[in-house]
Every structure is written in structure tokens, then in C-alpha cells.
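One structure is given here, and the rest of the page talks about it.
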Amino acid sequence: MAKLLRNPETLEKAKAEIEQTIGKGKPIEETDIPQLPYLQAIVKESMRLHPPAPLLLPRTVETDVEVYGYNVPQGAQVLVNAWAIGRDPSVWENPSSFMPERFLDLDVDVRGRDFELIPFGAGWRICSGLSLAIRVVPLMLGSLINSFDWKLEGGIKPEELDMDDEFGLTLQKAQPLRVVPFPV
Ligand code: HEM
């Protein structure tokens with residue numbers, strides 16, 4: 001929601017997609033999500049820039065291994081920086097720009113298959129709530145977009161909205177998002 005209020009033209013495009021596909025103000029069902037590629041692209045782009053678990057979960061190396069010329073000894077604790085991977089300029093064009101459009105023609109998924117986008121981790125210990133989350137997050141976001149018009153509180157302009165992250169085991173928005181909903 002913060003990304004959309006910071007980028008009103010993206011919010012308008014998402015709204016238009018939902019209105020054309022489902023109808024203004026109508027409730028969205030889980031089965032509608034595959035028909036909403038732009039909404040899904042917004043979720044991917046938000047997770048690329050702000051992965052909720054920025055360092056995934058720590059791993060311990062079982063045996064000595066060499067990775068790209070680096071020796072990683074048995075017993076070492078390894079943290080995978082999904083936040084940095086999502087902003088790597090050698091992988092992503094204009095990495096810090098919020099551009100959901102980049103995913104419309106890009107076959108990159110969040111299910112742990114494409115290592116450039118791993119908000120749910122990958123491998124044996126991949127998030128076990130992934131199937132639930134990838135259904136619920138677009139459903140929730142789409143419902144918020146289609147049920148209300150949104151305004152930033154206190155006359156704040158979109159470009160003034162603070163988008164800093166606060167780092168920890170999970171990633172939080174440094175400043176809370178304050179918005180006023182208006183029923184459509
Ligand atoms: C947008 C929502 C979510 C995100 C981005 C997310 C992300 C993650 C990440 C990054 C990990 C660590 C994976 C790794 O280190 O490779 C993880 C683990 C886990 N997640 Fe999620 N998660 C989400 C929602 C959920 C939900 C809804 C549930 C449960 C209903 C859940 C349950 C778990 C569990 C149990 C683990 C530990 C798995 C293990 O260590 O074997 N997550 N999640």
C-alpha cells in the first residue's frame with residue numbers, strides 16, 4: 001500500500017485492471033488473481049524491494065565448500081541477503097525504482113526457482129507458508145484497492161512519503177503508513 005500511495009500512477013493502473021476484470025467495488029475472489037497480472041507484478045516488485053525476511057533464516061554449513069572461489073568452512077553460519085540480491089544492479093535494471101511493469105514480460109517467480117528473487121527463501125527450508133502467502137497477499141491488496149479510495153493523512157504529498165526500511169529479523173517500514181480510506 002505504501003508503494004502504491006508513493007506511486008499514484010501505479011495505483012491507478014492497478015485500479016483500472018481490477019475494475020475492468022472484476023468490476024468497481026466488487027469483492028475479489030482467489031480465483032480472480034490469475035486474471036490480474038499487473039496486481040501480481042506489484043506484489044513481486046514490492047517483495048523485491050522490501051522482502052519481509054531480508055536475511056532469510058540463518059544456515060549452518062555441513063561440510064567445507066567452495067563457492068565462487070570463497071572457502072566456506074564447515075560449521076560457519078551463513079546469512080543470505082535477499083534484500084541486497086533484490087537490489088543488485090548487475091541483475092536488475094534501475095534497481096531502486098519501483099517498476100512493476102518489469103515483471104510483465106519477465107519469467108521470474110518468487111517460489112525459490114529464480115535466485116534473483118527469493119523473498120520466501122529457497123531449497124529445503126523455503127517458507128512453508130508460501131502457498132498461502134502467494135494467494136492471500138494479492139487477494140488482500142486487490143481488495144483494499146477495489147474497495148476504497150485512499151488518501152495520505154495530513155495532506156502529505158506522495159513524494160514526501162518516507163519509504164525507509166527498518167532492519168531486523170523482519171523488515172518493517174521505518175515510519176508507519178498513515179492513510180485515510182474512502183468507500184468507493
Ligand atoms: C508474505 C508472506 C511471507 C514471507 C515473505 C515469508 C518469508 C519467509 C522466509 C524468507 C523464510 C525463510 C526461508 C529460508 O531461509 O530459505 C520463511 C520461513 C518460514 N515461514 Fe514464511 N513467509 C511468509 C508467510 C508465511 C506464512 C503465512 C506462514 C505460515 C502460515 C509462514 C511460515 C513459515 C515457516 C514455518 C518457516 C520456517 C520453515 C523452515 O525453516 O523449514 N510464512 N518465511
Side-chain angles (χ1 to χ4, degrees), residues 1-7 10-11 14 17-18 27-63 65 67-68 70 72-88 91-92 95-100 102-104 106-147 150 163-177 179:
M1 283 303 290
K3 282 301 202 192
L4 293 179
L5 284 148
R6 177 72 179 74
N7 298 274
T10 308
L11 176 56
E17 181 187 63
I18 299 171
I28 302 183
E29 307 282 340
E30 200 183 308
T31 47
D32 296 324
I33 303 300
Q35 276 81 255
L36 299 168
Y38 194 65
L39 180 68
Q40 292 181 71
I42 290 172
V43 172
K44 278 187 187 173
E45 182 68 338
S46 305
M47 288 187 177
R48 177 183 72 82
L49 286 166
H50 307 281
L55 300 176
L56 308 185
L57 290 180
R59 275 134 170 101
T60 304
V61 177
E62 284 185 349
T63 50
V65 280
V67 184
Y68 290 110
Y70 293 92
V72 188
Q74 179 187 18
Q77 194 182 65
V78 176
L79 296 173
V80 177
N81 194 337
W83 187 92
I85 294 171
R87 292 166 184 249
D88 184 343
V91 176
W92 301 102
S96 36
S97 300
F98 180 69
M99 296 175 3
R102 71 173 84 233
F103 284 108
L104 293 178
L106 192 64
D107 184 24
V108 169
D109 195 57
V110 292
R111 295 164 204 251
R113 180 195 73 185
D114 303 305
F115 294 149
E116 62 269 51
L117 188 67
I118 46 168
F120 294 96
W124 277 76
R125 305 308 293 269
I126 193 169
C127 173
S128 33
L130 185 152
S131 312
L132 176 64
I134 58 174
R135 284 174 174 78
V136 169
V137 174
L139 185 65
M140 239 168 54
L141 182 62
S143 304
L144 290 174
I145 295 171
N146 203 34
S147 307
W150 296 91
M163 293 302 299
D164 281 352
D165 289 324
E166 190 174 291
F167 288 86
L169 191 59
T170 57
L171 197 66
Q172 315 262 337
K173 202 173 165 311
Q175 301 299 325
L177 176 67
V179 276

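Heads up: numbering here begins at 1 and tracks the sequence. When a ligand or atom number is given, it counts from 1 through the structure's own listing order. All heavy atoms count here, side chains included; hydrogens, waters and symmetry mates do not.
Contact annotation: for Pro51 versus ligand 1, there are no heavy atoms closer than 4.0 Å.
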Stepwise side chain to side chain contact (heavy atoms under 4.5 Å, CB included) check, Ile18 with Tyr38: CA-CA 9 Å; Ile18 299 171; Tyr38 194 65; over 6 Å; no
Stepwise side chain to side chain contact (heavy atoms under 4.5 Å, CB included) test for Leu4 and Trp150: CA-CA 10 Å; Leu4 293 179; Trp150 296 91; over 6 Å; no
Working for side chain to side chain contact (heavy atoms under 4.5 Å, CB included), residues Arg6 and Phe98: CA-CA 10 Å; Arg6 177 72 179 74; Phe98 180 69; over 6 Å; no
Residue pair Met163, Lys3: steps toward the side chain to side chain contact (heavy atoms under 4.5 Å, CB included) verdict: CA-CA 8 Å; Met163 293 302 299; Lys3 282 301 202 192; 3.5 Å; yes
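Nearest-heavy-atom check against atom 15 (O) of ligand 1 across Arg135, His50, Arg59, Met47 picks out Arg59. With distances taken over non-hydrogen atoms, the option nearest atom 23 (C) of ligand 1 out of Cys127, Gly129, Ala82, Pro119 is Cys127.
Taking every heavy atom of both residues into account, Phe120 and Leu130 meet most closely at CB-CD1, 3.6 Å.
Of the possible donor and acceptor atoms, one in the side chain of Gln74 sits under 3.5 Å from a partner among the backbone N and O of Glu62. A donor-acceptor pair under 3.5 Å is absent between the side-chain atoms of Arg87 and the main chain of Ile85, judged by distance alone. Looking only at distances, a side-chain donor or acceptor of Asn81 sits under 3.5 Å from a matching main-chain atom of Ala84.
When hydrogens are left out, the protein atom nearest atom 3 (C) of ligand 1 is Phe120 CE2, 3.4 Å; that is the closest non-hydrogen contact. The closest protein non-hydrogen atom to atom 38 (C) of ligand 1 is Ser128 OG, 3.8 Å. Taking atom 2 (C) of ligand 1 as the reference point, the nearest protein heavy-atom neighbour is Ala133 CB, 3.6 Å. Counting protein heavy atoms only, atom 27 (C) of ligand 1 is closest to Leu132 CD2, 4.0 Å.
Close contacts of ligand 1 with Ala122, meaning ligand atoms under 4.0 Å from a residue heavy atom, involve 16 (O). Atoms of ligand 1 found under 4.0 Å from any heavy atom of Ala53 (numbered from 1 in listed order, with element): 10 (C). Annotation for ligand 1: atoms under 4.0 Å from non-hydrogen atoms of Gly121 are 10 (C), 13 (C), 14 (C), 16 (O). Using a 4.0 Å cut-off to heavy atoms of Pro52, the atoms of ligand 1 that qualify are 5 (C).
Within 6.0 Å of CZ in Phe167 there are more than 12 heavy atoms belonging to other residues, nucleotides or ligands.
Taking only nitrogen or oxygen atoms, main chain and side chain alike, Arg125 reaches within less than 3.5 Å of ligand 1. In terms of N/O distances under 3.5 Å, ligand 1 is approached by Leu57.
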